[in-house]
Amino acid sequence: MGDCLFCSIAGGKTDTEILHETEDLVVFRDINPHAPVHLLIVPKKHIRSINDLRPEDLEIVSKLIYTAKEMAGRMKINESGYRLFFNVEKGGGQVIFHLHLHMIGGW
Ligand code: 5GP
Ligand code: ZN
């Protein structure tokens with residue numbers, strides 16, 4: 001996926017600060033935050049959107065959500081609370097067509 005921005009970020013090919021990385025995923029700050037804390041939790045595997053999930057992707061989706069919970073604790077927004085969401089395709093507000101989980105909070 002040569003021209004995919006999030007593949008480039010996940011592959012360490014940009015100067016984006018990576019807050020957390022595993023063999024499966026990366027976490028970085030949204031460049032245009034909608035809340036005091038706005039993180040993107042992104043699988044290294046290129047999956048276009050929720051619509052393209054396959055049964056073999058279930059484990060990575062679980063890891064995205066579990067990582068969100070871990071990052072909420074690290075960012076100290078776990079007790080105040082936060083929102084997790086996926087935008088799906090253009091009508092759902094998706095503009096980067098590489099799966100990512102948004103975490104917003106810290107109000
Ligand atoms: P979507 O609307 O596709 O669910 O969300 C894509 C998000 O990626 C947007 O909130 C946007 O601000 C963020 N974004 C777009 N380009 C970049 C970038 O180059 N770096 C970072 N860190 N975030 C980006
Ligand atoms: Zn990609």
Side-chain angles (χ1 to χ4, degrees):
M1 300 299 162
D3 57 355
C4 172
L5 175 62
F6 282 5
C7 279
S8 296
I9 293 175
K13 298 191 178 79
T14 74
D15 58 7
T16 305
E17 183 190 1
I18 302 297
L19 301 181
H20 180 68
E21 179 169 9
T22 70
E23 61 178 330
D24 302 306
L25 60 84
V26 293
V27 181
F28 53 89
R29 287 193 178 80
D30 196 293
I31 205 169
N32 180 26
H34 288 221
V37 175
H38 187 165
L39 303 185
L40 299 174
I41 303 152
V42 181
K44 290 183 176 175
K45 179 180 178 183
H46 183 89
I47 301 167
R48 176 185 165 94
S49 84
I50 288 283
N51 281 349
D52 299 278
L53 284 177
R54 300 166 64 90
E56 59 265 34
D57 299 323
L58 292 179
E59 190 178 348
I60 184 64
V61 173
S62 305
K63 287 177 177 175
L64 298 180
I65 296 168
Y66 191 82
T67 299
K69 170 256 186 188
E70 297 274 279
M71 291 302 297
R74 200 169 124 188
M75 306 302 282
K76 302 195 188 319
I77 61 169
N78 51 326
E79 289 186 4
S80 55
Y82 51 96
R83 286 183 58 211
L84 299 177
F85 59 94
F86 293 97
N87 294 327
V88 184
E89 295 296 333
K90 292 188 180 68
Q94 186 174 6
V95 297
I96 304 286
F97 294 98
H98 177 131
L99 188 72
H100 51 281
L101 176 60
H102 291 259
M103 183 172 80
I104 61 173
W107 302 281

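Counting convention: from 1, in listed order, for ligands and their atoms alike.
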Trainee: For ligand 1, which atoms sit closer than 4.0 Å to a heavy atom of Leu40?
Mentor: 8 (O)

Trainee: Look at atom 3 (O) of ligand 1 and say which protein heavy atom is nearest, naming residue and atom and giving the distance to 0.1 Å.
Mentor: Val95 N, 2.7 Å

Trainee: At a 4.0 Å threshold, what atoms of ligand 1 neighbour a non-hydrogen atom of Asn87?
Mentor: 1 (P), 2 (O), 4 (O)

Trainee: For ligand 1, indicate whether the residue Phe6 contacts it via side chain, backbone, both or neither (heavy-atom separation under 4.0 Å).
Mentor: side chain

Trainee: Please state which protein non-hydrogen atom is closest to atom 22 (N) of ligand 1 and give its distance, to 0.1 Å?
Mentor: Arg29 O, 2.7 Å

Trainee: Does ligand 1 have any atom that is closer than 4.0 Å to a heavy atom of Thr14?
Mentor: no

Trainee: Which N/O/S atom belongs to His46 and is the closest one to the Zn ion (ligand 2)?
Mentor: ND1

Trainee: Apply side-chain contact (heavy atoms from CB on, under 4.5 Å) to residues Tyr82 and Val37 and explain how you reach the verdict.
Mentor: CA-CA 9 Å; Tyr82 51 96; Val37 175; over 6 Å; no

Trainee: Just wondering, are more than 12 heavy atoms of other shown residues or ligands nearer than 6.0 Å to CD in Glu56?
Mentor: yes

Trainee: Check each atom of ligand 1 against the heavy atoms of His102 and keep those under 4.0 Å away; list them by number with element.
Mentor: 1 (P), 4 (O), 5 (O), 10 (O)

Trainee: Count the heavy atoms belonging to other residues, nucleotides or ligands that lie under 6.0 Å from OH of Tyr66, then report whether that count exceeds 12.
Mentor: no

Trainee: Under 3.5 Å, is there a donor-acceptor pair between the side chain of Lys44 and the main chain of Thr22?
Mentor: yes

Trainee: Step by step, work out the side-chain contact (heavy atoms from CB on, under 4.5 Å) result for Met103 and Val27.
Mentor: CA-CA 10 Å; Met103 183 172 80; Val27 181; over 6 Å; no

Trainee: Where does His34 meet ligand 1, judged by heavy-atom distances below 4.0 Å: at the side chain, the backbone, both, or neither?
Mentor: neither

Trainee: May I have the angle between Cys4 SG and Cys7 SG with its vertex at the Zn ion (ligand 2), rounded to 10°?
Mentor: 120°

Trainee: So is Phe86 close enough to ligand 1, meaning a heavy atom under 4.0 angstrom away?
Mentor: no

Trainee: Note the single closest protein heavy atom to atom 14 (N) of ligand 1, along with its residue, its atom name and the distance in Å.
Mentor: Ile31 CG2, 3.7 Å

Trainee: Contact between Leu25 and Thr67 at the side-chain level, heavy atoms closer than 4.5 Å - yes or no?
Mentor: yes

Trainee: Mind checking whether Gly93 has an N or O less than 3.5 Å away from an N or O of ligand 1?
Mentor: yes

Trainee: What I'd like to find out is whether the side chain of Leu19 reaches to under 4.5 Å of the side chain of Arg74, using heavy atoms alone.
Mentor: yes

Trainee: What atoms of ligand 1 come within less than 4.0 Å of a heavy atom belonging to Asp30?
Mentor: 7 (C), 8 (O), 9 (C), 10 (O), 11 (C), 12 (O), 13 (C)

Trainee: Is Ile18 close to Ile9 at the side-chain level, that is, under 4.5 Å between some pair of heavy atoms?
Mentor: yes

Trainee: Are Glu89 and Arg48 close enough for a salt bridge, meaning some N to O gap below 4.0 Å?
Mentor: yes

Trainee: Quick check: does Phe28 get an N/O under 3.5 Å from an N/O on ligand 1?
Mentor: no

Trainee: Take Leu99 and Leu53, measure what side-chain contact (heavy atoms from CB on, under 4.5 Å) needs, and give me the verdict at the end.
Mentor: CA-CA 9 Å; Leu99 188 72; Leu53 284 177; 4.1 Å; yes

Trainee: With under 30° as parallel and over 60° as perpendicular, where do the rings of His38 and His102 fit, or are they tilted in between?
Mentor: tilted

Trainee: Does any N or O atom in Gln94 lie less than 3.5 angstrom from one in ligand 1, N or O only?
Mentor: no

Trainee: Checking His98 side chain against Pro43 main chain: does a donor-acceptor pair fall under 3.5 Å?
Mentor: yes

Trainee: Suppose we measure from atom 5 (O) of ligand 1 to each protein heavy atom; which comes out shortest, and what is that distance?
Mentor: His100 NE2, 3.0 Å

Trainee: Which ligand 1 atoms are under 4.0 Å away from a heavy-atom of Asn32?
Mentor: 12 (O)

Trainee: Of all the atoms in ligand 1, which lie at a distance below 4.0 Å from a heavy atom belonging to Leu5?
Mentor: 16 (N), 17 (C), 18 (C), 19 (O)

Trainee: I'd like the atom name of the N/O/S atom in His98 lying closest to the Zn ion (ligand 2).
Mentor: ND1

